[in-house]
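Just so it is clear, the model here is predicted, and its values are computed rather than measured. Ligands are counted one by one from 1 in listed order, and the atoms in each one are counted from 1 as well.
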Amino acid sequence: MAEPTTTPPLLEVTGLTMRFGGLVAVDNLNLTAHGSDITAVIGPNGAGKTTVFNCLTGFYRPSAGRLLLRHPARGAVELQALPGYAVARMGVVRTFQNIRLFPRMSVLENLLVAQHTGLMRQSGYGVAGLLNLPVWRRAEAAAVERARVWLDRLDLLSVADEEAGNLSYGVQRRVEIARAMSTDPLLLCLDEPAAGLNPRETAALGDLLLTIRGEFGTGILLIEHDMSLVMRISDRIHVVDHGKKIAEGTPEEIRSDDRVIKAYLGEPEEEEIPPEVVQDLEAEGRL
Ligand SMILES: Nc1ncnc2c1ncn2[C@@H]1O[C@H](COP(=O)(O)OP(=O)(O)OP(=O)(O)O)[C@@H](O)[C@H]1O
């Protein structure tokens with residue numbers, strides 16, 4: 001967080017609940033994310049983190065709760081009522097735990113496909129494109145330029161024409177972020193972006209996310225298991241366990257929170273005294 005902010009949060013999640021049959025994956029969760037912050041959501045495996053992202057980005061319709069986005073041009077937008085494509089159009093974009101690029105398309109094409117909706121809107125939903133009108137050609141050139149800017153920022157220009165599926169895991173992760181950023185998002189939601197990266201790549205990813213937050217003012221919502229990355233770059237951390245929020249605070253506060261330590265490490269087991277020792281102690285009147 002560059003400076004303490006008094007502006008209302010970009011995203012306000014209230015009472016979010018997601019049930020799958022009898023299982024409550026997310027249980028009455030409240031969470032906020034500011035547009036100028038990196039906000040992390042952490043928690044043990046199965047805590048409900050990805051389900052929160054799936055509700056937020058229109059993949060699931062929540063069982064209950066409100067997902068309010070304060071859009072600078074459109075005002076308050078209730079995301080829980082919108083399908084995925086409409087959420088993306090509002091500027092909330094995501095990457096996935098398992099990389100989801102189009103593997104047989106080039107890196108550049110992957111970035112252009114991501115901008116398709118905006119391109120269609122600007123060109124009269126295809127009519128201008130079919131007629132190859134100047135408005136279409138301008139919109140297309142702007143989309144290619146935006147893609148090139150992000151490929152350059154993420155050091156991907158040299159692989160722009162390569163098939164995405166042929167690239168290493170670490171490079172594909174960067175392509176995913178470039179693809180999301182080329183749509184000019186308000187909020188970038190990253191689901192375990194450091195998974196599969198080596199320590200050098202993870203450090204570079206951290207620098208990149210700080211740049212995106214600082215230089216471009218894009219809010220970042222981050223699910224991540226790599227605690228050194230989370231502690232290094234997050235402004236605020238929400239800790240989820242069994243679908244409920246158990247703690248919230250700065251990295252320093254979270255690091256020393258007993259509930260968080262318990263959620264990750266479990267309760268220490270009670271020392272059990274063997275029965276024969278109990279008998280001896282009782283016989284000697286020491287118990
Ligand atoms: N579509 C679904 N149908 C049924 N249960 C689901 C579904 N999606 C998630 N769950 C369950 O909801 C719970 C939360 O899962 P979720 O993937 O959100 O956890 P997570 O915190 O992201 O875990 P991880 O860190 O391992 O990715 C789990 O018990 C999971 O099995």
Side-chain angles (χ1 to χ4, degrees), residues 11-33 38-67 79-85 87-88 92-101 169-170 172-173 176-177 180 187-199 201-202 205-206 209 219-234 236-249 251 254-255 257 259-267:
L11 175 73
E12 209 165 330
V13 174
T14 318
L16 179 65
T17 299
M18 185 73 211
R19 294 187 199 94
F20 298 109
L23 175 85
V24 188
V26 179
D27 192 357
N28 199 21
L29 187 84
N30 297 332
L31 181 153
T32 55
I38 296 178
T39 306
V41 181
I42 66 169
N45 289 114
K49 306 178 296 293
T50 298
T51 304
V52 172
F53 266 28
N54 284 336
C55 291
L56 177 61
T57 53
F59 280 77
Y60 294 154
R61 178 67 65 97
S63 312
R66 189 165 180 236
L67 300 159
L79 297 179
Q80 75 278 1
L82 300 181
Y85 71 88
V87 173
V92 178
V93 299
R94 73 177 292 183
T95 65
F96 292 87
Q97 217 168 322
N98 307 311
I99 292 174
R100 292 197 194 175
L101 294 171
Y169 201 71
Q172 288 194 36
R173 284 248 174 247
E176 271 209 312
I177 295 175
L187 186 66
L188 175 64
C189 305
L190 303 171
D191 196 347
E192 295 191 32
L197 301 191
N198 64 38
E201 290 171 326
T202 302
L205 172 72
L209 299 185
I220 295 176
L221 198 55
L222 172 74
I223 294 177
E224 186 50 64
H225 281 290
D226 184 323
M227 282 307 121
S228 60
L229 176 66
V230 168
M231 293 298 168
R232 182 184 147 218
I233 69 171
S234 303
R236 203 145 189 91
I237 301 175
H238 298 262
V239 189
V240 179
D241 190 23
H242 294 102
K244 289 182 197 285
K245 188 157 75 180
I246 58 165
E248 179 190 344
I254 293 301
R255 218 190 295 269
D257 190 302
R259 290 162 302 177
V260 179
I261 296 166
K262 245 181 234 166
Y264 273 96
L265 302 179
E267 299 265 13

In chain order, what residues pass the side chain to side chain contact (heavy atoms under 4.5 Å, CB included) check against Arg19, with sequence neighbours excluded?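 Expected list: Thr17, Val24, Ser63.
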With a 4.5 Å limit on heavy-atom distance, are the side chains of [X] and [Y] in contact?
| X | Y | answer |
| --- | --- | --- |
| Ile233 | Leu222 | yes |
| Leu221 | Leu56 | yes |
| His238 | Ile246 | no |

What distance do Glu176 atom CD and Asp191 atom CG have between them, rounded to the nearest 0.5 Å?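 Here the interatomic distance stands at 9.5 Å.
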Sub-4.0 Å heavy-atom environment of ligand 1, residues by chain: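 For ligand 1, the residues that come within the 4.0 Å heavy-atom cutoff are Phe20, Leu23, Ala25, Pro44, Asn45, Gly46, Ala47, Gly48, Lys49, Thr50, Thr51, Tyr60, Gln97, Glu192, His225.
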For Phe59 and Phe96, I'd like to know if the aromatic rings sit close, meaning centre-to-centre distance below 6.0 Å.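 Judged by ring-centre distance (under 6.0 Å), Phe59 and Phe96 do meet the cut-off.
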